[in-house]
Amino acid sequence: MKLSELIFGNIDLSREELEKKYPERNFPEGAKVTRLGPSPTGFIHLGNLYGAFIDERLASQSKGLIYLRIEDTDDKRYVEGAVDTIIDSLSYFDINFDEGVTKDGELGAYGPYYQSEREDIYKVYVKELLDKGMAYPCFLKEDEIEAIRELQMSKKDNPGIYGEYAKYRDISFEEAKKRIESGEEFVIRLKSSGHDGEAAKYISVEDAIRGNLAMPENFQDTVILKKNGIPTYHFAHVVDDHLMRTTHVVRGEEWLSSLPVHVELFDKLGFELPIYCHTAQLMKMDNGNKRKLSKRKDPELSLDYYKELGYHKDAIKEYLLTILNSNFEEWRIENPNTDWREFEFSLDKMSTSGALFDINKLDDVSKDVLLRKSADEIYDFLLAWAAEYDIEAKNTLEKYSAGLIKSALDMGRNDAKPRKDLINASQIFDFISYFFDEYFQLRDYMPAEVSKEDGIDILEKYLASYNHEDDNSLWFEKIREIADELGYALKPKDFKKNPENFKGHVGHVSTVIRLALVGRAQSPDIWTIQQLLGETVLRERVARYIDELK
RNA sequence: GGCCCUAUGGUCAAGCGGUCAAGACACCGCCCUUUCACGGCGGUAACCCGGGUUCGAUUCCCGGUAGGGUCACCA
């Protein structure tokens with residue numbers, strides 16, 4: 001009897017059958033097969049999205065395929081509905097899968113795509129390694145491992161189970177049998193053939209983003225099968241990515257240090273190494289130092305954070321693209337209206353150092369993204385955002401006509417030099433909020449150049465001369481007249497040249513009107529606002545301001 | 001601590017043996033302008049340090065330093 005039979009009993013699957021069941025994919029030369037392997041507990045965050053874009057672009061540009069595999073090998077509890085959430089949030093950003101786990105079942109011939117359902121498959125390969133003497137059952141208890149670690153610390157040896165410290169790597173069949181039959185728990189460890197220290201050979205791997213990586217070979221007897229019979233990430237990765245015929249493995253640079261383990265496993269299993277693409281981490285500034293964004297500590301890593309602030313998904317996407325590929329921004333300037341998918345993404349344009357998330361840049365990108373959206377789209381977007389995050393705003397938006405709101409959103413956007421006022425939903429709502437009576441607020445403020453008496457004068461004359469039918473230039477002529485009558489320069493330049501001749505200039509006069517109408521000193525063109533506000537509201541607001549001043 | 005990754009202005013980044021070291025964001029100034037936004041023009045601001053190699057190093061080599069990551073029966 002063999003050790004593997006003792007452990008697994010009879011296995012009616014074989015390597016040959018698996019190879020036959022999951023053949024090489026019938027794709028044209030150069031087609032890339034990528035995958036996303038989230039765990040069903042974690043939510044999708046900015047870092048995942050960053051990687052997912054690479055997977056998606058690589059697959060889609062090469063006419064290959066991207067699939068979704070759920071990596072649920074952890075004992076951690078499965079979060080109800082997590083898979084739907086993962087699929088939904090990625091799809092929200094235009095990342096859709098060609099194969100793998102879907103919201104209702106699985107799609108594709110290389111499944112199952114839940115690692116928890118692949119136990120039988122993993123066992124085939126564990127058994128093989130066992131039979132070849134490349135793996136062994138290890139009966140070390142937690143406290144024994146702890147003791148070993150302490151000994152290693154005192155001797156300044158590398159921590160871990162390997163070589164001398166791997167007590168069970170040469171366990172006899174009889175002893176293993178005795179222990180197993182007595183019900184002792186155990187894990188299966190790889191019997192590494194690597195060496196520690198001086199004797200270590202170097203391995204070299206060509207990373208598609210980082211170029212040649214050279215590092216010492218693995219020497220640790222890494223656990224490949226946990227005591228519950230489920231493989232560790234390392235083992236599942238190697239088996240799955242081989243069997244699912246993944247060509248490119250995109251993952252964060254935190255995996256770099258376990259690369260030697262993976263290389264050894266691929267080698268011992270006789271599988272071809274996929275092309276690794278180790279991406280740089282997204283960083284954040286913390287006390288003057290860059291550090292990896294952490295999903296526990298940093299809300300800005302969460303996609304909901306941006307959604308709640310009201311950033312459009314396209315803005316997030318474009319921003320990510322600008323840090324993903326250094327030439328994207330340039331391309332975007334040259335092709336302002338082209339679909340992002342036409343940009344040719346390439347791995348060698350990727351930065352290898354961690355980028356700091358820059359909200360300023362996001363804002364800038366967002367302005368341009370929103371400029372490309374129609375008022376209709378922005379209206380829908382704003383309403384959807386309000387419905388989720390600001391009920392008061394939503395109620396208000398629904399009270400006013402869609403036509404008014406859309407016109408407000410569109411102010412100055414169709415000019416030769418369009419305005420770019422719109423950044424994110426909460427800011428957009430605020431930007432147009434003075435059109436809504438319940439948000440409009442008079443402010444107790446007057447430009448320094450205008451006395452209170454003049455302010456009242458300006459507003460009374462303005463009301464007296466106002467004709468809602470006037471076009472922009474006729475209306476402004478009247479404002480000029482008012483300015484002139486009260487001793488304000490018709491042109492700001494005149495005032496700047498000879499400030500002693502005037503109280504101020506027509507801009508100051510306009511500011512008073514602006515304050516009366518919108519309650520703030522800055523806004524888009526007053527005439528446009530007047531037209532949208534309507535004569536009744538306009539006269540009311542001005543009258544109210546006059547009262548306020550008196 | 002071992003191993004690995006990274007190192008150009010405040011941020012993102014081109015450049016990879018000879019450049020007055022691109023560009024974008026941010027910031028400042030000017031122009032345009034009834035305010036703001038947009039746009040235009042201009043400006044401040046950078047090759048981590050030390051040794052080599054070379055006629056010449058930001059670029060190549062070595063050594064430091066700094067930052068990051070990783071050293072689990074988590075992924």
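By convention in this document, chain letters (A, B, ...) are assigned in the order of the sequence lines, proteins followed by strands, and residues within each chain are numbered from 1. Excluded from the calculations below are hydrogen atoms, water molecules and symmetry mates; all remaining heavy atoms, backbone and side chain alike, are included.
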A/K226 vs B/A75: side-chain N/O to OP1/OP2 distance below 4.0 Å: yes
N or O in side chain of A/K493 less than 4.0 angstrom from B/C32 OP1/OP2: yes
Nearest-angstrom distance from the residue atom [atom1] of [X] to [atom2] of [N]:
X	N	atom1	atom2	result
A/R189	B/C73	CZ	C1'	8 Å
A/L370	B/A37	CG	P	18 Å
A/W255	B/C5	CH2	C1'	16 Å
A/H278	B/C5	NE2	C1'	11 Å
A/L517	B/U35	CG	P	16 Å
A/D364	B/G23	CG	P	16 Å
A/D525	B/C38	CG	C1'	13 Å
A/L356	B/A26	CG	C1'	13 Å

Does [X] reach a base, just sugar-phosphate, or nothing at all? Heavy atoms under 4.0 Å.
X	result
A/R210	sugar-phosphate
A/S353	sugar-phosphate
A/A355	sugar-phosphate
A/P524	base
A/K367	sugar-phosphate
A/S258	nothing
A/Y202	sugar-phosphate
A/F357	nothing
A/V187	base
A/R251	nothing
A/K141	nothing
A/T352	sugar-phosphate
A/K420	sugar-phosphate

Distance between [atom1] atoms of [N] and [M] (Å, rounded):
N	M	atom1	result
B/G43	B/A26	C1'	14 Å
B/C47	B/G9	P	7 Å
B/U59	B/C27	C1'	30 Å

The single option from A/N218, A/T222, A/V238 passing side chain to side chain contact (heavy atoms under 4.5 Å, CB included) against A/L265: A/V238
Member of A/T338, A/N327, A/N335 meeting the side chain to side chain contact (heavy atoms under 4.5 Å, CB included) criterion with A/F343: A/N327
B/C36 base / A/R419 side chain donor-acceptor hit below 3.5 Å: yes
Centres of the [X] and [Y] rings: under 6.0 Å?
X	Y	answer
A/F266	A/H237	yes
A/Y306	A/F357	yes
A/W340	A/F345	no

Residue pair A/Q281 / A/E253: nearest heavy atoms and the distance that separates them: N-OE2, 3.2 Å
Distance, nearest 0.5 Å, that separates CZ of A/R413 from NZ of A/K373: 10.5 Å
